[in-house]
Amino acid sequence: MRAFTYERARTPAEAAEAAAAAARPGAKFIAGGTNLLDLMKLEIETPTHLVDVQDLKLDQIEPTTEGGLRIGATVTNTTLASDPRVRRDYGVLTRAIVAGASGQLRNKATTAGNLLQRTRCPYFYDTNQPCNKRRPGSGCAAIGGYSRQLGVIGTSDACIATHPGDMAVAMRVLDATVETVDAAGQTRAIPIADFHRLWGDTPQIDTNLKTGELITAVTLPPPIGGTHLYRKVRDRASYAYALVSVAAVIRPDGSGRVAIGGIAPRPWRIEAADAAMPQGSRAVADRLMAGARPTADNAFKVPLVERTLAAAMAEAKAQAQAQTTKVTA
Ligand code: SF4
């Protein structure tokens, strides 16, 4: 691990200012550190300065005046998933979080950190391999290499990695907003749809945050009802990243919303596909996956999206029928 300096900030603006001041040659915020510390040990991330944001009092979940919830940036994944309001009104979020990582990691990992975690492409972590994300311009070992886990849509000729998280997929289906502050004290609200970038020819840049811009909270709009589901298909039953995941909110009439994880640089949602939900999983999947560019290794993900979606829709229907039977009885 490379040497670095460290400070604890007292306010969000002070943290953003400290990070911006140290941005050349490089500063990073740290809270749970569950991804960043691994990357620093491998010298994939080499910050010269760490700004600890754990004392900023961003660890509360509060109701908003609009009827939603404001989740502080350092609320842990465990706290968020177990909050009674989240479990009752945003079940897809609880289900997505508990499908990720392990209990120990969820106790440390934070809301902002979860959004900012970096890809798990194996070549990104192997510093002997070319990787445009780790070293821009060096090439991509995954293209033509082992790509079973990697992306099938929204990728580019420079990078075919995926966003690895589960929480962000649920945030996307809920239309969350990411709140930030910069070194000048300016705040910004970024729709989750615009937060993660497609790789294009700059895969080293994961998000649309500016240098030194600090996430302070994630806001959820008022509850939208419906049956909330998160289905994750993976190579082993726990502690594994999604091959494909489906976050869905489905109403009794079959309408709803869906976002897909494990296939793209960001949670993959196409609003035109939501509109096709009453027509069934095939119609939705056709719209979601139009323009997919899978490799020979991961072509199975394209039909797997449709099958996982069909399973989620069937589960929602069964739950709705069970509820009706209970009420009638
Ligand atoms: Fe690097 Fe992206 Fe290629 Fe993986 S897919 S080796 S992260 S450039």
Side-chain angles (χ1 to χ4, degrees), residues 1-2 26 28 33-47 100-101 105 109 112-169 172 193-209 211 232-236 239-245 259-269 288-302 304-305:
M1 185 185 281
R2 303 269 181 91
K28 286 270 179 193
T34 57
N35 186 211
L36 179 59
L37 290 176
D38 283 347
L39 293 167
M40 288 173 66
K41 287 178 202 166
L42 293 166
E43 298 191 0
I44 294 166
E45 295 274 10
T46 54
L105 286 167
N114 195 322
L115 290 177
L116 294 171
Q117 64 179 302
R118 306 208 70 190
T119 186
R120 264 52 173 202
C121 170
Y123 300 105
F124 178 66
Y125 287 79
D126 182 348
T127 53
N128 293 313
Q129 298 288 336
C131 170
N132 287 322
K133 181 177 282 295
R134 177 168 27 79
R135 196 148 55 87
S138 63
C140 172
I143 297 175
Y146 180 71
S147 55
R148 172 178 164 76
Q149 289 278 354
L150 301 182
V152 297
I153 199 161
T155 54
S156 72
D157 291 340
C159 179
I160 59 170
T162 59
H163 172 78
D166 297 290
M167 186 194 80
V169 187
R172 178 69 179 93
D194 301 329
F195 183 77
H196 294 103
R197 291 163 47 94
L198 298 183
W199 305 140
D201 56 5
T202 53
Q204 69 275 19
I205 307 170
D206 290 352
T207 71
N208 284 315
L209 290 176
T211 301
K232 181 174 180 179
V233 182
R234 45 188 161 176
D235 278 332
R236 61 176 181 233
Y239 202 42
Y241 296 95
L243 292 167
V244 165
S245 67
I260 311 293
I263 62 167
R266 61 188 182 201
W268 197 251
R269 181 173 171 211
L288 278 170
M289 303 308 290
R293 298 195 316 165
T295 67
D297 282 349
N298 66 19
F300 70 94
K301 287 191 175 191
V302 176
L304 187 58
V305 167

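Note that ligands are numbered from 1 as they come in the structure, with each ligand's atoms numbered from 1 the same way.
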Assess whether salt bridge (charged side-chain N to carboxylate O under 4.0 Å, His left out) is satisfied between Asp206 and Arg266, documenting all intermediate values.
CA-CA 9 Å; Asp206 290 352; Arg266 61 188 182 201; over 6 Å; no
Mark yes when over 12 heavy atoms from residues, nucleotides or ligands other than Phe300 sit less than 6.0 Å from its CZ; otherwise mark no.
yes
Heavy-atom closest contact (Leu150 atom, Pro122 atom, distance)
CD2-CD, 4.5 Å
What protein N/O/S atoms sit under 2.8 Å from atom 2 (Fe) of ligand 1, by chain and number?
Cys159 SG
Is a salt bridge present between Asp38 and Arg118, judged by a nitrogen-to-oxygen distance below 4.0 Å?
no
Does the side chain of Thr162 pick up a donor-acceptor pair with the side chain of Arg120 at under 3.5 Å?
no
Residues 131-169 vs ring pair (Phe, Tyr, Trp, His ring centres under 6.0 Å), sequence neighbours excluded, gives His163-His196
